[in-house]
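These figures come from a predicted structure and were not determined experimentally.
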Amino acid sequence: MMLELMENTTKQESIVRNHAPLDKTLFLLRQSSAPTRVFKEFVIQIVRKKLDTCDLDMVIDQRVLCSNGFGTSVDLYLPQIKLGIEICCPTQIDIPAPHESIQRTSVRDVLLQIRDTDYFPLQMDASGSYEEFMQSIDDCIALIQDEISRRKQLGTFGARLDKKKEYANYYQEKHAIIVADNVIFPSIETVIETLCSDASHVNTQSFIIPDSMRRTYGSRYCLWFPRLTVGGHDMVRRGWNTWLSEDGNRIHEWKQENNNNDETTSIGDNPGCLRVTFAETLNAATMQKEYQFVGVFRPISSSMNGYLHHYQRIETTFPIILNS
């Protein structure tokens, strides 16, 4: 028994010596009881190094909306070639299902998610031998490189994501605001200045019809700044709990308590107006409020009553109102 143990140790030391530094660390992580998250993060580092390209965007823990309506994630997503990489850790005896359920989801996760039909999954399986796992990584890298070459030849290789979009510069030459822009606004004032070219009469109410919007559309549209959550978790504001559906296409309001300050009646001339909606979220780093466009929502009149409201998204874009 002791002799067998010594032989195994010698064999492992030989394997470590014969691999590159990153591979050595991965080998040691694989032999240890490192958390799944740590192991996956290190595998992603190896993938980055082996690909060795600055032209390729990589999104870690990409949110995925499955055909059954539930939200899941893929470990590494390459949006320009629409490939996803799922890493099966050595501690898992069986290869997991392609997607595992996510317990908590943010509004931004919903807005940035992809559908499970929009990408092709690759799997790196670490449940076998170390050599087999390294081969699975190399096989995935080869497939990725082939797909990059194929798409570049066809002219279908996607443009890089804009990592940081400053709203003021980004919308200077734009004619509309789009959900996919993924632009964050620091305040309600900056939303109104950008979208409506109008900073007058700005207040902090959840419902606003700026003067330029009223001149252009009458009372057909209003700006709405709800404090949204996902999945119905409490996010109460003035007695209303407001949440976004997992697919981003519906907003639901539930009146949690009696409150005379009912903002749903604040647009008195047209309570059924279409709502150009910017979700209020909290920046985890700065703990400051931020606002992001989530679409144009229409009240579902048949479902509106005193305590429960539903809204359907009808547009993911809205034109910018230029100075007249």
Side-chain angles (χ1 to χ4, degrees), residues 107 111 167-168 171 174-181 183-229 235-245 248-256 258-281 289-324:
V107 172
L111 296 178
Y167 71 92
Y171 286 110
K174 300 289 183 180
H175 298 287
I177 186 168
I178 304 172
V179 170
D181 290 340
V183 173
I184 303 297
F185 294 89
S187 66
I188 291 176
E189 289 84 353
T190 56
V191 170
I192 296 174
E193 289 171 2
T194 303
L195 186 64
C196 302
S197 303
D198 187 351
S200 61
H201 307 298
V202 172
N203 58 52
T204 57
Q205 292 295 307
S206 293
F207 298 89
I208 303 170
I209 303 182
D211 291 343
S212 60
M213 179 173 278
R214 191 179 293 277
R215 287 194 300 269
T216 305
Y217 298 109
S219 58
R220 177 173 171 77
Y221 292 97
C222 67
L223 297 183
W224 188 24
F225 300 91
R227 185 179 298 165
L228 293 179
T229 187
M235 187 68 74
V236 180
R237 183 175 191 172
R238 291 181 171 88
W240 288 90
N241 191 341
T242 310
W243 65 94
L244 185 68
S245 65
N249 287 327
R250 286 207 175 193
I251 292 176
H252 309 280
E253 280 187 312
W254 168 51
K255 193 170 187 180
Q256 196 168 53
N258 292 325
N259 195 311
N260 292 328
N261 187 14
D262 185 354
E263 288 194 346
T264 59
T265 61
S266 63
I267 310 297
D269 51 355
N270 187 1
C273 64
L274 302 178
R275 304 184 180 208
V276 184
T277 306
F278 293 79
E280 177 189 304
T281 57
K289 292 179 183 177
E290 295 178 334
Y291 299 87
Q292 185 167 1
F293 182 55
V294 296
V296 180
F297 287 79
R298 173 181 56 81
I300 302 174
S301 56
S302 61
S303 68
M304 304 289 280
N305 58 53
Y307 294 92
L308 188 63
H309 300 167
H310 302 281
Y311 307 86
Q312 178 70 44
R313 185 163 67 179
I314 58 172
E315 296 288 348
T316 57
T317 182
F318 191 79
I320 291 174
I321 302 171
L322 303 176
N323 283 316
S324 56

Counting distance only, does the side-chain N/O of [X] pair as donor-acceptor with the main-chain N or O of [Y] below 3.5 Å?
X	Y	value
T317	I177	yes
T216	R214	no
T194	V191	no
R313	I251	no
S197	I321	yes

Requested in this report: Go through the structure and list residues passing ring pair (Phe, Tyr, Trp, His ring centres under 6.0 Å) with F297, not counting sequence neighbours.
Outcome: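 Partners of F297 by the ring pair (Phe, Tyr, Trp, His ring centres under 6.0 Å) criterion come out as none, since no residue qualifies.
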
Side chains of [X] and [Y]: closer than 4.5 Å at any heavy-atom pair?
X	Y	answer
I320	K174	yes
T229	V107	no
I184	Q292	yes
C222	V276	no

For [X] versus [Y], what's the shortest heavy-atom pair and its separation?
X	Y	value
P299	Y311	CA-CD2, 3.6 Å
F293	V179	CD2-N, 3.6 Å
P319	L195	O-CD1, 3.9 Å

Starting at [atom1] of [X], measure out to [atom2] of [Y] and round the result to the nearest 0.5 Å.
X	Y	atom1	atom2	answer
I300	Q312	CD1	CD	5.0 Å
L274	F318	CG	CZ	8.5 Å
C273	F207	SG	CZ	8.0 Å
L111	D181	CG	CG	11.5 Å
Y167	F185	OH	CZ	8.0 Å
Y217	C196	OH	SG	9.0 Å

Query - All side-chain hydrogen bond (donor to acceptor under 3.5 Å, both in side chains) counterparts of R298, not counting sequence neighbours - result: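 If we apply the side-chain hydrogen bond (donor to acceptor under 3.5 Å, both in side chains) test to R298, skipping adjacent residues, there are no hits.
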
Requested in this report: Give the C-alpha distance, both sets of side-chain angles, the deciding distance and a yes or no for side-chain contact (heavy atoms from CB on, under 4.5 Å) between F225 and T277.
Outcome: CA-CA 6 Å; F225 300 91; T277 306; over 6 Å; no

Report task. Give me the ring orientation class for H252 and H310: parallel if the planes are under 30° apart, tilted from 30 to 60°, perpendicular past 60°. Result ->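 Taking H310 first and then H252, their aromatic rings stand perpendicular (interplane angle over 60°).
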
Query - Worked check of side-chain contact (heavy atoms from CB on, under 4.5 Å) between Y221 and I209 - result: CA-CA 7 Å; Y221 292 97; I209 303 182; over 6 Å; no

**Report entry** salt bridge (charged side-chain N to carboxylate O under 4.0 Å, His left out) partner of R227, chosen from E290, E253, E280
**Finding:**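 Among E290, E253, E280, the one meeting salt bridge (charged side-chain N to carboxylate O under 4.0 Å, His left out) with R227 is E280.
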
